[in-house]
Structure formats: structure tokens, C-alpha cells
Colleague: 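I am attaching a structure below and will ask some questions about it afterwards.
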Amino acid sequence: MENIAGTKPALNWAVNISVVFLVVLWLVPTVGLLVSSFRDREQIAVSAWWKSPFPVAQNFAAKANLDNLTERDGLFVIEGNIFTEGGNDEGSIAAFGGARTSPDGTQPGDTAELTRDRTLTVQANGDYVYTSPAEITRAPSIYFASETPPDFSLENYEIILTSDNMDRAFINTLTVTIPATIIPILIAAFAAYALAWMDFPGRGVLIALVVGLLVVPLQLALVPMLQLHNKVGIGQSYLGIWLAHTGFGLPLAIYLLRNYMVGLPRDIIESAKVDGATDFQVFTKIVLPLSFPALASFAIFQFLWTWNDLLVAKVFLPSNSESWVMTVKIADDLLGSRGGDWGILAAAAFISIAVPLIVFFTMQRYLVRGLLAGSVK
Amino acid sequence: MSPIMQGIITIIVGVGGCVGYFYLSNLVLDKVIFPPKAGDKGRNINRATMVRPWLFLFPAMFALGLYLVYPVIGSFWRSLFNRAGDEFIGFGNYSSMFADSAFQTAFLNNFLWVLVVPAMATFLGLLVAQLTDRLSWGNIAKSLIFMPMAISFVGASLIWRFVYANNPDIGIINAMRDFVGLAPIDVLQIPFWNNFFLMVILIWIQTGFAMVILSAALRGIPEETVEAAIIDGANPFQIFFKIKVPQIMGTIVVVWTTITILVLKVFDIVYAMTGGNFETEILPSYMMDFMFRDDGRATAVAFVIMIIVLPVMIWNIRQARKEMN
């Protein structure tokens, strides 16, 4: 189809360029988050993430070192180096000043005239000379603007994981997700087999029921099921959320698996039955292994759905901070307490989306297959 | 007990319990209740065959009934009672809710969401599907546009908080405004239009879903129809709109309705971006405002959502039944 009539080179170019444009448009927000999560918090505040590969101009304040005070020709002089005294070995002064009102009014190498006949000279490498006709009793301030090189580190991740309990939330999410993914698969697989390969009155009605339940908004279940959980003693707990996720995941599980199982070749199943296999054996030895792709599809769906869920976790888990999952932690805690701390927020978000992204990119094939089986009729 | 241990035990008990239930119930059925012994061997086998499907179905049907069927009735019943749940007030929750201006805003906003999000996501999905169809690097492009599907709504909201940030050194939108000399603006506080900025997030997520399904549908179009159109001198646009789109109309409708249903359920984006402030409330987030505070009102909102979803549900069931016959 490459060289068929109707395909013009100009059109090809237009297609390529528009796809590039769309892909960039789709990626930019996520890339921004990823880059920001590795940046120094102070750099985030003064330079945009798309400028992050370049040095950042920042304003600093330092104190001249009074220990170096000497008297020379009737002038009191302090000499030193801003960077070595500040603990940084290198850097370069872009501009400096001796007063808060003009922190970057003088070029390096020039001399700034200050109040009370004092002067300040700072070289580009940070060497400074501060002079005063009168005795200097308090260490004078030196303001300077300096270019700092791009600063990428894992600091944000360290902070969020150690002091903000995000590690706890990560484990909580994992704890919710894994049982809530495995259990519905088993239950649904048996039901799907019955709906696909066993003959009994009412089968059509049950299939229709499952299809109908696919779209029931789970908002309906929140109040009555929480009440029921409280009544039978489960309350807001992990057990409660596992049961809830199992219930909410079943319609899609049964639907996907049944659609797949119906498509398995009839000959295999019938010849097994003729050879004396029971339904239980047919299911465990033939249908289940053959249905692996559908099982994988649903497992990925359910995993992503439970991992990313906020609503069910807010309702069915206790609301204390020890049982927060990551989505609740971000939405209810970090957005408030760390609202302006963009680096920390970015790191937190990236921790919460890293696992789904890995699952997504490694098992995309099954996800796509599941989507197609679940939607295209 | 630490949650991890609890989780591991649950997996073992859950999986073991399921396997044990299915295995043992089959065993009991075949060996104890209807043993195929001499005399009524044939009759017993037949009886066992009649009972077995229900053994297979029981756990699933029980869970579905409990977690999805019972709540429809339970929620409706609860919505007829007052806040404390001890006084029957008929449709009092509904009438006070419809009179509440916040509910009206939420309802109208949700209507906007239902109009815009499925349409845009389906349109963009179709566009990308068509553009990448014959592209050598089409699969990579599709994979990247599909990626937001894996990201949680909360994560996506945070990602877009960066884009919308007020500070021109963080938010791209304000950086562009800054570049042309305009003052920074908080897009989430512009009345009415802020809704659209929130919708963008869901469109960003759902376009990939629409694209994957529509892309498969485009691949499924018989090649001859396209070739015939080319021979007849149709240009690429005519081929797309007059040959391809009509053939995948069924799939487009399915994608459209699936996203519509989703729009009625997602509260995370509004919750994480504005908390429903600045007139951005939609029904699911409006419901969460009352959850834990006024169960009567919360269930009433949930039931309104259910009624809006109902036509789609009926249509889905009819389609499914048609297919089976």
C-alpha cells in the first residue's frame, strides 16, 4: 500500500508532522513532571523545567567574614572569597551589590559605592574587598547573583520517601492491589466457563445481567455496602476494600473471559468430554490454560484500576494516615501540605505512576487485546 | 498484624478457598449427592449436570448480587430517608437536591462534560488512528499517546497542575502568556471556561483508549472497498469520511458510549484540581461532598447518576442479546 495511487509525498509529510506534533503534545505534561521531580527545589522556583539543562541565575546573600578584618592606611578592610567561605568551591558572580535594595546592581570587577563611604568590590571568581573608613562591628552583607549549574538529584525522592511516609502509602497500595487482582480472576473464570460452555436454563438472562452490570455506577454501592460492612464487623479495612474491588471487578472479568472462552474451538472441549472428562477437568486442564491471554488482559486491567483508584480507597479504607494509599495520600494530604513544593509533588506523583507505567509498557499487548475484547462487539 | 502479612494471608485464604470450594463442591456433587451407581446411574449423572453450572456460578453471582444488584435497591431505599437515616421523607432528598444551586451547577457541568469529553476523545482517537495507520513508526506514536491510560486520575491531575500553574516558571500556559507579554492567569479560576481545562485532562487520558479500538476497527475494513474508491478517483479525505468512517460507525458508537459512562463516574479530577470550587462541580464530586456527611443526599445523587446511565445499560443489554440469538 506504500506506493498506491492517491498517496502524495506532500500528504505524507503532513501526516508525519502532525503525528509528531500530537505525540509531543501528549508527552510534554508527563515529561515536565518527570524532569521537575529530579530538580533542586530552589531551581524549580526560578527557572522553568524546559530550561533545566541550562545554568540557573539565582540571587544569594552572604556575610563578609569579620575575622579577616585588617586596618590599612586608615581604612578598615575585609578580604575573602564568597564561594570558599560559603562552602561552595566554585561558581561565578554574574552581578553583586552591597545593599538589599540593589542586590545585583554592579558588574563583577567594578566597585560599588555604599552608604557611609564604604565600598565593595567583587571579582567574577568570588574574591571580594570590603572597605570602610570607620570601624566595622557587624559583618556586612554581600548580595550577589550567581549562575548555578543544573542540579539534578534524587533528593526529592529521598525526602518524600523518608519524611512524608510515601513509602508506607506505596506498600498500602500494593497490599490493596494484589489480592484485589487475583481473587476476582478465579471466581470469574469459573463463572465465565459456566456461561460459555455449560447448558442450563437462564443462561441468556445471566449473561444479559453481567452486561448490564458493566455500566452500573459504583457510586451506588458506596453507602449501602459501607453500612453493610460496618454491620457485619468488617468496617473500613483491607478486607472490606478487597471484597469491594472483587465485586466491582467481576462484571468486566466475567464478560471478558466468557467472550474469550466462547471462541475456543468446540472440537477440543467436546472430544475431551467424550473421553470422559468432567466439566471440572475440562475447565482446569483445557479451558483455563488456553484462556491465558484473556486472564492476563483482565489481570492488567484490574491491577491498573485498583492501583489508580481513589474513590473506593477513600470510602472502604480507614481515613487515618497509616492506611492511606498513594492516590489518597496525594489528593488529600500532599496537595494541601506540600501545595507549593513542586519538586516534592512531582516526585510523589512519579512514584505513584511508575509501577503502572512499567506494567503498561511491558504488557501493552495484553492490555490492547483486553480492550478490544471488552469493547468491540 | 502488618498489612502485608494480612495481604499474603488473604491471597492464600482467598485463592485456597476458591480452589477448595470449586474442587470440593464438585466432589460432593459427584460422589455424595448424586453418585453414579447402578440403578439410577443415568438419572444421577443428568441431575449432577443440571446442578453443576450453579456451583460454578454461585460465588460470582453472590458477589455480583451483593456488591452491584443489592446497592441499586439499597441506595434507592436509603435515599428516601433523612440524613440520620431514621425518618422516612419520601422524595424529600430529591426535591431539596434539585432546589440546591450547587446541584444545578453540577448537573449542567456534567452535561457539558458528557457533550465535550466523549466527542473530543473519540475525534482525536480517530484522527490519531487514521494518521498512524500507515506510518512506519505508527506503533511507537500510538504507544506514547496510549500511555496516559496507565496513569491514575490523581496522577494525571498533578501532571496537569504543572501545566496550569500560575507561576510562568512552572506552568507552560502562563509561560506562553508571559512570552507574549500577558499577565499570568489561574486558568482553573476563570468562570465557566475552567470546566474545559479540567475536561482536557480526561480527554488526554481517554484519547488513547479511543485510538486503540478505532485503530483496530480501521484495520478491519476490507481492503477492496478502499482500493475501489481509489480507482474511482476518491481523494484521501473522501476515502476517510465516505468509505472508512461509515464502515466503523458501530465501533465509534461503542467508544463514544463507553467514554460517556466513564465521564459520569470520574470524580478524581475535579476533586484533585479544584475540589469543586470555582463552579467546577460535577455529579460524582458533588456526591462525594455529601458522602460521610449526609448519606440520604449522597445516595440520591448516586441514584440520579444511575438513571442517566440507564438508557446505555438497556441498549447494551439489547445489543448483547441480539448477538447471542
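Only a predicted model underlies this, so the values are computations on that prediction, with no experimental measurement involved.
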Colleague: Considering only heavy atoms and a distance below 4.5 Å, find which of B:Leu310, B:Ile317, B:Val69 pairs most often with chain A.
Modeller: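 Sorted descending by pairs with chain A, the first entry is B:Ile317.
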
Colleague: Is A:Gln227 in contact with chain B via its backbone, its side chain, both, or neither, using a 4.5 Å heavy-atom distance?
Modeller: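 It is the side chain, since no backbone atom gets that close.
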
Colleague: Quick check: do B:Val128 and A:Val19 have side-chain heavy atoms less than 4.5 Å from each other?
Modeller: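 No, their side chains stay 4.5 Å or more apart.
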
Colleague: Is chain A contacted by the side chain of B:Trp77, its backbone, both, or neither, given a heavy-atom distance below 4.5 Å?
Modeller: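 Neither part; nothing is under 4.5 Å.
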
Colleague: Mind ranking A:Ala244, A:Gly202, A:Ser323, A:Gly32 by heavy-atom pairs under 4.5 Å with chain B and telling me who comes out on top?
Modeller: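 Top count of heavy-atom pairs under 4.5 Å with chain B: A:Ala244.
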
Colleague: Distance from B:Ile172 atom CD1 to A:Trp49 atom CH2, nearest 0.5 Å?
Modeller: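 One gets 4.5 Å once the value is rounded to the nearest 0.5 Å.
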
Colleague: Side chain, backbone, both or neither: which part of A:Ile300 has a non-hydrogen atom closer than 4.5 Å to chain B?
Modeller: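 Contact with chain B is absent: no heavy atom of A:Ile300 under 4.5 Å.
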
Colleague: For residues B:Met288 and A:Val315, determine if any side-chain heavy atom of one lies less than 4.5 Å from a side-chain heavy atom of the other.
Modeller: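 In contact.
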
Colleague: With a 4.5 angstrom heavy-atom cut-off, which part of A:His229 approaches chain B: side chain, backbone, both or neither?
Modeller: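 For A:His229, the side chain is the part near chain B, not the backbone.
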
Colleague: Any idea which heavy atoms bring A:Val368 and B:Phe146 closest together, and the distance?
Modeller: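 Residues A:Val368 and B:Phe146, closest heavy atoms: CG2-CE2, 3.8 Å.
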
Colleague: In Å and rounded to the nearest 0.5 Å, what is the CG to CZ distance from A:Leu310 to B:Phe153?
Modeller: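 Here the rounded value is 10.5 Å.
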
Colleague: Tell me, side chain or backbone of A:Val210 under 4.5 Å from chain B's heavy atoms, or both, or neither?
Modeller: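 Just the side chain, heavy atoms under 4.5 Å.
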
Colleague: Would you mind reporting whether B:Arg78 and A:Pro224 have side-chain heavy atoms less than 4.5 Å apart?
Modeller: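 Answer no - side chains too far apart.
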
Colleague: Is chain B contacted by the side chain of A:Ile254, its backbone, both, or neither, given a heavy-atom distance below 4.5 Å?
Modeller: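 Contact with chain B involves the side chain of A:Ile254 alone.
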
Colleague: Please report the shortest heavy-atom distance between A:Val23 and B:Leu144, naming the atom on each side.
Modeller: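 Shortest heavy-atom separation between A:Val23 and B:Leu144 comes out as CG1-CD1, 3.7 Å.
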
Colleague: For the atom pair CG (B:Asp268) and OG1 (A:Thr327), what is the distance rounded to the nearest 0.5 Å?
Modeller: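 The distance works out to 8.0 Å.
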
Colleague: Relative to chain B, which segment of A:Leu214 carries a heavy atom at a distance below 4.5 Å: side chain, backbone, both, or neither?
Modeller: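 Just its backbone gets close to chain B.
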
Colleague: Once side chain to side chain donor-acceptor pair (under 3.5 Å) is applied, what residue pairs with a partner in residues 210-224 of chain A remain, sequence neighbours excluded?
Modeller: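 Applying side chain to side chain donor-acceptor pair (under 3.5 Å) to every pair that reaches into residues 210-224 of chain A, excluding sequence neighbours, yields nothing.
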
Colleague: Nearest 0.5 Å please: distance from the CD1 atom of A:Ile44 over to the CG atom of B:Asp169.
Modeller: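 So the CD1 of A:Ile44 and the CG of B:Asp169 are separated by 11.0 Å.
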
Colleague: Would you say the side-chain atoms of B:Ser152 pair up with the backbone N or O of A:Asn308, donor to acceptor, closer than 3.5 Å?
Modeller: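 Absent.
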
Colleague: Heavy-atom distances under 4.5 Å only: say whether A:Ile182 touches chain B with side chain, backbone, both or neither.
Modeller: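 The side chain, not the backbone.
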
Colleague: Examine whether an atom of A:Phe361 lies under 4.5 Å from a heavy atom of chain B, and if so say whether it belongs to the side chain, the backbone or both; otherwise answer neither.
Modeller: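 Side chain of A:Phe361 only, per the 4.5 Å heavy-atom cut-off to chain B.
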
Colleague: Looking at every heavy atom in both A:Trp26 and B:Leu124, which two are closest together, and how far apart are they?
Modeller: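 Between these two residues, the closest heavy atoms are CH2-CD1, 3.8 Å.
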
Colleague: A:Ser237 versus chain B, heavy atoms under 4.5 Å apart: side chain, backbone, both or neither?
Modeller: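 Neither part.
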
Colleague: Name every donor-acceptor pair, under 3.5 Å, that has one atom in a side chain of residues 187-200 of chain A and the other anywhere in the protein, sequence neighbours excluded.
Modeller:
| unit_1 | atom_1 | unit_2 | atom_2 | d |
| --- | --- | --- | --- | --- |
| A:Tyr193 | OH | A:Asp279 | OD1 | 2.9 |
| A:Trp197 | NE1 | A:Met261 | O | 2.9 |

Colleague: Checking heavy atoms, do the side chain of A:Val28, its backbone, both or neither come under 4.5 Å from chain B?
Modeller: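 Looking at A:Val28, just its side chain touches chain B.
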
Colleague: Can you tell which part of A:Trp307 gets under 4.5 Å to a heavy atom of chain B, answering side chain, backbone, both or neither?
Modeller: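 Neither part.
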
Colleague: Report the distance from atom CG of B:Leu131 to atom CD1 of A:Ile17, rounding to the nearest 0.5 Å.
Modeller: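 CD1 of A:Ile17 is found 12.0 Å from CG of B:Leu131.
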
Colleague: Return the CZ to CG distance between B:Arg161 and A:Leu33, rounded to the nearest 0.5 Å.
Modeller: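 Answer for the CZ-CG pair, B:Arg161 versus A:Leu33, is 12.5 Å.
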
Colleague: Test B:Tyr23 against A:Phe280 for ring pair (Phe, Tyr, Trp, His ring centres under 6.0 Å), laying out the working first.
Modeller: CA-CA 8 Å; B:Tyr23 183 73; A:Phe280 190 74; 5.7 Å; yes

Colleague: Between A:Pro201 and chain B, with a heavy-atom cut-off of 4.5 Å, which part of the residue counts as in contact: side chain, backbone, both or neither?
Modeller: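 Backbone only.
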
Colleague: Looking at A:Ala346, A:Ser352, A:Ser18, which makes the most heavy-atom pairs under 4.5 Å with chain B?
Modeller: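 Among A:Ala346, A:Ser352, A:Ser18, the one with the most close pairs to chain B is A:Ala346.
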
Colleague: For chain B, find which of A:Val328, A:Thr278, A:Leu206 contributes the most heavy-atom pairs closer than 4.5 angstrom.
Modeller: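 It is A:Leu206.
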
Colleague: Do you know which two heavy atoms are closest between B:Ala150 and A:Leu304, and how far apart they sit?
Modeller: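 Where B:Ala150 meets A:Leu304 most closely, the heavy atoms are O-CD2, 4.2 Å.
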
Colleague: Pick one of side chain, backbone, both or neither for A:Leu228, based on which atoms fall under 4.5 Å of a heavy atom in chain B.
Modeller: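 When you check distances to chain B, only side chain atoms of A:Leu228 fall under 4.5 Å.
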
Colleague: Return yes if a side-chain donor-acceptor contact under 3.5 Å exists between A:Asn16 and B:Trp137, otherwise no.
Modeller: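 Yes.
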
Colleague: May I have the step-by-step check of side chain to side chain contact (heavy atoms under 4.5 Å, CB included) for B:Thr132 and A:Val15, ending in yes or no?
Modeller: CA-CA 8 Å; B:Thr132 53; A:Val15 167; over 6 Å; no

Colleague: May I have the step-by-step check of side chain to side chain contact (heavy atoms under 4.5 Å, CB included) for B:Phe22 and A:Phe283, ending in yes or no?
Modeller: CA-CA 11 Å; B:Phe22 287 116; A:Phe283 174 72; over 6 Å; no

Colleague: For each of B:Val154, B:Leu127, B:Val15, tally heavy-atom pairs with chain A at distances under 4.5 Å, and name the one with the top tally.
Modeller: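 Heavy-atom pair counts peak at B:Val154.
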
Colleague: What pair of heavy atoms forms the shortest contact from A:Met225 to B:Leu66, and how long is it?
Modeller: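 A:Met225 and B:Leu66 have their closest heavy atoms at SD-O, 3.3 Å.
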
Colleague: Could you have a look at A:Ala253, A:Gly212, A:Ala349 and say which one has the most heavy-atom pairs with chain B under 4.5 angstrom?
Modeller: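 Sorted descending by pairs with chain B, the first entry is A:Gly212.
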
Colleague: Could you go step by step and tell me if A:Leu27 and B:Met147 meet the side chain to side chain contact (heavy atoms under 4.5 Å, CB included) rule?
Modeller: CA-CA 9 Å; A:Leu27 274 185; B:Met147 179 202 68; 4.2 Å; yes

Colleague: Nearest heavy-atom pair of B:Phe292 and A:Lys314: which atoms, and what distance?
Modeller: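 Reported closest heavy-atom pair: CZ-O, 3.7 Å.
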
Colleague: Please classify the contact of A:Leu174 with chain B as side chain, backbone, both or neither, using a heavy-atom distance under 4.5 Å.
Modeller: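 For A:Leu174, neither part sits under 4.5 Å from chain B.
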
Colleague: Under the side chain to side chain contact (heavy atoms under 4.5 Å, CB included) criterion, do B:Met313 and A:Val216 qualify, and how do the steps go?
Modeller: CA-CA 8 Å; B:Met313 186 195 268; A:Val216 167; 3.3 Å; yes

Colleague: Under a 4.5 Å heavy-atom cutoff, which of A:Ile183, A:Ile207, A:Leu186, A:Thr246 has the most pairs with chain B?
Modeller: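 Of the options given, most contacts go to A:Leu186.
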
